[in-house]
Participant: 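Before we start, here is the structure in question, set down as structure tokens.
When reading the values below, keep in mind they use all heavy atoms of this one structure, side chains included, and skip hydrogens, waters and symmetry mates.
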Amino acid sequence: MQLNTPITDWQGRRVWLVGASTGIGLACAQALRAAGAQVVVSARNAQGVQDWAAQDVGVQWHALDVGEPLQVQATARAILAQGPLDLVVYAAGYYQAQRATAMDIDNLLQHDKVNYQGALQVIHAVLPSMLARQSGHISLLSSVAGWRGLPNGLAYGPTKAALTHLAETLYLDLQDQGIGVSVVNPGFVATPLTAQNQFTMPALISPEQAAREMLQGWAQGQFDIHFPKRFTLWLKLLRLLPYRLYFPLVRKFTGL
């Protein structure tokens with residue numbers, strides 16, 4: 001079922017990807033550019049993306065710290081001054097494993113600042129333009145880690161759950177305004193964030209595979225873009241279990 005207008009032709013479309021210096025964000029930016037989109041990439045650290053942007057007139061680079069609201073507003077104004085945005089992808093993310101037995105409040109709040117509050121700042125900056133045009137699409141990069149509580153996910157999981165809830169509410173508010181909304185829920189993707197994990201990650205895929213799944217999801221007009229299906233469909237089933245079954249299963253399979 002198509003919940004959004006399918007995006008199949010990227011020629012001439014302008015896309016802003018926030019959090020695109022590495023991993024899924026960078027791979028998605030490169031896939032969109034290869035499909036013909038005009039791509040604007042932003043992140044706090046340039047890393048390898050600035051060199052790529054400098055080699056292609058169809059790619060622009062704007063340094064951005066999503067934790068600085070005034071900087072977000074100024075960057076959005078500069079980008080919108082050059083033309084409207086057809087798609088905004090929020091892919092900025094921060095992850096460190098944390099358990100309640102070793103709670104670190106500063107680290108918890110840093111997760112919230114980057115993963116959730118940053119998304120609010122970007123949406124606040126671009127939504128008025130989209131509403132004025134009655135056009136555009138907002139896509140939030142969440143995670144299956146936000147679907148249900150998991151060990152080591154005290155800091156990361158709740159922020160991703162908040163992103164998914166935000167996307168659902170945005171969709172309900174904006175579907176009759178001509179604005180598409182989607183949420184991307186990847187499983188394990190080989191990125192600098194997941195490289196911290198000290199366990200075998202099932203159904204691990206590359207950032208390039210993740211990017212292909214995202215473009216396919218937008219082409220099919222999906223709201224909930226989740227992948228790889230061989231992993232995420234099992235997790236969707238786990239979401240349906242009552243707590244008396246869910247908690248013992250999680251303890252058994254994680255050993256935590």
Side-chain angles (χ1 to χ4, degrees), residues 3-4 14-21 23-25 28-29 40-45 62-81 84-96 98 105-147 149 153-186 193 214 218 223-226:
L3 295 180
N4 289 301
R14 293 190 77 225
V15 182
W16 184 22
L17 296 103
V18 180
S21 59
I24 298 175
C28 187
V40 183
V41 289
S42 291
R44 189 176 59 167
N45 299 313
H62 290 263
L64 176 64
D65 184 343
V66 297
E68 299 293 335
L70 294 179
Q71 191 179 135
V72 174
Q73 288 289 331
T75 302
R77 283 196 300 270
I79 294 170
L80 289 168
L85 289 165
D86 298 291
L87 172 67
V88 174
V89 181
Y90 189 81
Y94 182 77
Y95 166 68
Q96 288 186 357
Q98 186 177 154
I105 187 62
D106 292 333
N107 186 261
L108 282 164
L109 294 176
Q110 179 65 15
H111 279 77
D112 183 63
K113 185 177 183 180
V114 175
N115 296 350
Y116 183 65
Q117 292 186 41
L120 295 180
Q121 295 293 347
V122 170
I123 293 167
H124 178 242
V126 301
L127 187 55
S129 172
M130 289 185 175
L131 285 170
R133 295 172 52 232
Q134 297 280 284
S135 179
H137 189 115
I138 297 169
S139 195
L140 305 179
L141 186 59
S142 186
S143 168
V144 297
W147 284 355
L154 185 70
Y156 185 73
T159 62
K160 293 301 184 175
L163 270 187
T164 297
H165 192 113
L166 175 63
E168 292 170 350
T169 305
L170 286 171
Y171 182 88
L172 290 169
D173 286 349
L174 299 176
Q175 63 175 324
D176 59 352
Q177 300 295 319
I179 300 169
V181 178
S182 57
V183 60
V184 181
N185 287 297
L193 294 185
M214 291 168 69
W218 293 322
F223 167 79
D224 178 17
I225 303 171
H226 62 93

Participant: Hey, what do you get for CG (Leu166) to NZ (Lys160), rounding to the nearest 0.5 Å?
Facilitator: 11.5 Å
Participant: If I compare all heavy atoms of Ala29 with all of Val41, which pair ends up nearest, and what's the gap?
Facilitator: CB-CG1, 3.6 Å
Participant: Can you run down the ring pair (Phe, Tyr, Trp, His ring centres under 6.0 Å) pairs that involve residues 106-131, sequence neighbours left out, and say none if there aren't any?
Facilitator: Tyr94-His111
Participant: Just how far is it from atom CG of Asp173 to atom CG of Leu127, taken to the nearest 0.5 Å?
Facilitator: 9.5 Å
Participant: Does any part of the side chain of Gln177, heavy atoms only, come nearer than 4.5 Å to the side chain of Leu131, both counted from C-beta?
Facilitator: yes
Participant: Please name the pair of heavy atoms, one in Gln96 and one in Asn107, separated by the smallest distance, quoted to 0.1 Å.
Facilitator: OE1-ND2, 2.8 Å
Participant: What are the two closest heavy atoms between Thr164 and Ser142, and how far apart are they?
Facilitator: OG1-OG, 2.9 Å
Participant: Which distance, rounded to the nearest 0.5 Å, do you find between the CE of Met130 and the CD1 of Ile123?
Facilitator: 9.5 Å
Participant: So, applying side-chain contact (heavy atoms from CB on, under 4.5 Å) with Trp16, which one of Asp86, Thr75, Val89, Leu80 is it?
Facilitator: Thr75
Participant: Between Leu85 and Arg133, which heavy-atom pair has the shortest distance, and what is it?
Facilitator: O-NH1, 3.2 Å
Participant: Give the minimum heavy-atom separation between Cys28 and Trp218, together with the two atoms involved.
Facilitator: SG-CH2, 3.7 Å
Participant: I need the Glu168 CD to Phe223 CZ distance, nearest 0.5 Å.
Facilitator: 5.0 Å
Participant: A quick test of your reading: do over 12 heavy atoms of other residues, nucleotides or ligands sit less than 6.0 Å from CG of Leu70?
Facilitator: no
Participant: Determine the minimum heavy-atom distance between Pro69 and Gly67, stating which atoms define it.
Facilitator: CD-O, 3.4 Å
Participant: Taking only residues two or more places apart in sequence or in another chain, which ones pass salt bridge (charged side-chain N to carboxylate O under 4.0 Å, His left out) with Arg77?
Facilitator: none
Participant: Could you give the distance from NE2 (His137) to CG (Leu174), rounded to the nearest 0.5 Å?
Facilitator: 11.0 Å
Participant: What's the separation between atom CD in Gln73 and atom CD in Glu68, rounded to the nearest 0.5 Å?
Facilitator: 13.0 Å
